[in-house]
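Computation of the quantities below employed the complete heavy-atom set of this structure, encompassing side-chain atoms and omitting hydrogens, waters and symmetry-equivalent molecules. All residue numbers in this chain count up from 1 along the given sequence.
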Amino acid sequence: MRLLRLRQTHFRNLKSPEFAPAPGLTTVVGGNAQGKSNLLEAIYLALGGELKNGLSDRIAFGQTEAWVYAEVETQFGLSRLENKLSLPRPGTPGGRELWLNETSASLKEFAQLPGAVLLGPDDLDLVLGPPEERRRFLDLLLSRFSARYRAVLSAYSRALQQRNALLKMGGKGLAVWNAELAKYGTEILSLRRRMLGKLSPLARESYRELAPGELHLELVETTPPDEFLPALEDTVQQDLERGATSIGPHRDDLAMRLDGRDALKFASRGEARSIALALRLGEHRLLWQHYDEAPLLLVDEWHTELDPRRRGALLSYAQSLPQAILAGLEAPPNGGEVVWIEAGVWS
């Protein structure tokens, strides 16, 4: 897939109205706080990506709305994707509105296209951060493949809220919500297992290209899928004491082991950065297989905390793609087109 042009208004500090990258590798170069990361986020969001920390943070200060539009070319032709972000106002909740080819759409429709994969310094949280970061990674990736997964995850969250509310009120009527939670939770656990079976070898391959060592991914589950309902019933007393549900996919984790050692405990910062890169490149390869064409690769701070070997491997992968966009304080040697950005203006 290729991004032909991005248009934007009032997206954080960005000022230039249009960005039209060339095929192949493009590097956006500028100093700190000049808008490099904001430009990559605008592209990622325009193509259906989901960002952390709230969409309202992406609207320029003093504005109530932001707008991003992308025109992309895939093997099936041209597509136009539009996002409007708005702050809550009297009579309207605000949020995110989507259009695909001038027709109102949802993230489900956007997921029909290869979209983009965004790599950045914050990906260290996938390795060194809390379990919710790794669960979010799994959930967002699975949602790209399966509209069913997105729907089941939403239904599970609603059932979990109801069960937790009953636990705080003494637990009367828990049986109904135990069954609902087990119904949706079992499907979530099973789909996660299937997806990890596909992702794990691709992430392992990506790590071997970046650095020496063997990367292994493993789900850490509070209960197996086929034992979820009896496990819920067995833990009722401790859940009543806590006022919250102690087992289920909302409590699970993704373990990462490097040469048999727990990366969360033993990986150096450089190793953790390589593992995070391998996860994202594995994600990119998995989506490439799924769509039969490569998603757009976006890499923020491409040179940060990478030694020459890792940097060379990342650049080699990016240069092999139909299109990739890097951002950083410097451009790579022989790195294709360079776009300079300052105070949200690029040239």
Only counting residues at least two apart or in another chain, list the ones meeting side-chain hydrogen bond (donor to acceptor under 3.5 Å, both in side chains) with [X].
{"X": "Arg273", "result": "none"}
{"X": "Glu18", "result": "Arg7"}
{"X": "Arg135", "result": "none"}

Is the shortest heavy-atom distance from the side chain of Ser206 to the side chain of His284 under 4.5 Å? no
Is [X] isolated, or which residues cluster with it under the ILVMFWY side-chain rule of less than 4.5 Å, directly or via members?
{"X": "Trp67", "value": "Tyr69"}
{"X": "Leu4", "value": "Leu78"}
{"X": "Trp99", "value": "none"}
{"X": "Trp340", "value": "Val29, Val338"}

Whether [X] side chain and [Y] backbone form a donor-acceptor pair below 3.5 Å:
{"X": "Gln8", "Y": "Ser16", "value": "yes"}
{"X": "Ser200", "Y": "Gly197", "value": "no"}
{"X": "Asn164", "Y": "Gln161", "value": "no"}

Enter the distance from Asn101:CG to Leu81:CG here, rounded to the nearest 0.5 Å.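 Atom-to-atom, Asn101:CG and Leu81:CG are 7.0 Å apart.
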Distance, nearest 0.5 Å, that separates CG of Leu258 from CD of Glu271: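 Between atom CG of Leu258 and atom CD of Glu271 there are 5.0 Å.
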Distance-only check: which donor-acceptor pairs under 3.5 Å involve side-chain atoms of residues 137-146, not counting sequence neighbours?
| unit_1 | atom_1 | unit_2 | atom_2 | d |
| --- | --- | --- | --- | --- |
| Asp139 | OD1 | Tyr149 | OH | 2.5 |
| Asp139 | OD1 | Arg192 | NH2 | 3.1 |
| Ser143 | OG | Asp139 | O | 2.8 |
| Arg144 | NH1 | Ala116 | O | 3.4 |
| Arg144 | NH2 | Pro114 | O | 2.4 |
| Ser146 | OG | Arg148 | N | 3.3 |
| Ser146 | OG | Tyr149 | N | 2.9 |

Check: [X]/[Y] side-chain N/O donor and acceptor closer than 3.5 Å:
{"X": "Asp239", "Y": "Thr245", "answer": "no"}
{"X": "Glu187", "Y": "Ser190", "answer": "no"}
{"X": "Ser154", "Y": "Arg158", "answer": "yes"}

Partners of [X] by ring pair (Phe, Tyr, Trp, His ring centres under 6.0 Å), sequence neighbours excluded?
{"X": "Tyr291", "answer": "none"}
{"X": "Phe19", "answer": "Trp346"}
{"X": "His10", "answer": "none"}

Could you give all pairs that pass the ring pair (Phe, Tyr, Trp, His ring centres under 6.0 Å) test and reach residues 155-179, with sequence neighbours left out? Tyr156-His250
Take Glu109 and Ser106, measure what side chain to side chain donor-acceptor pair (under 3.5 Å) needs, and give me the verdict at the end. CA-CA 5 Å; Glu109 282 76 38; Ser106 67; 2.4 Å; yes
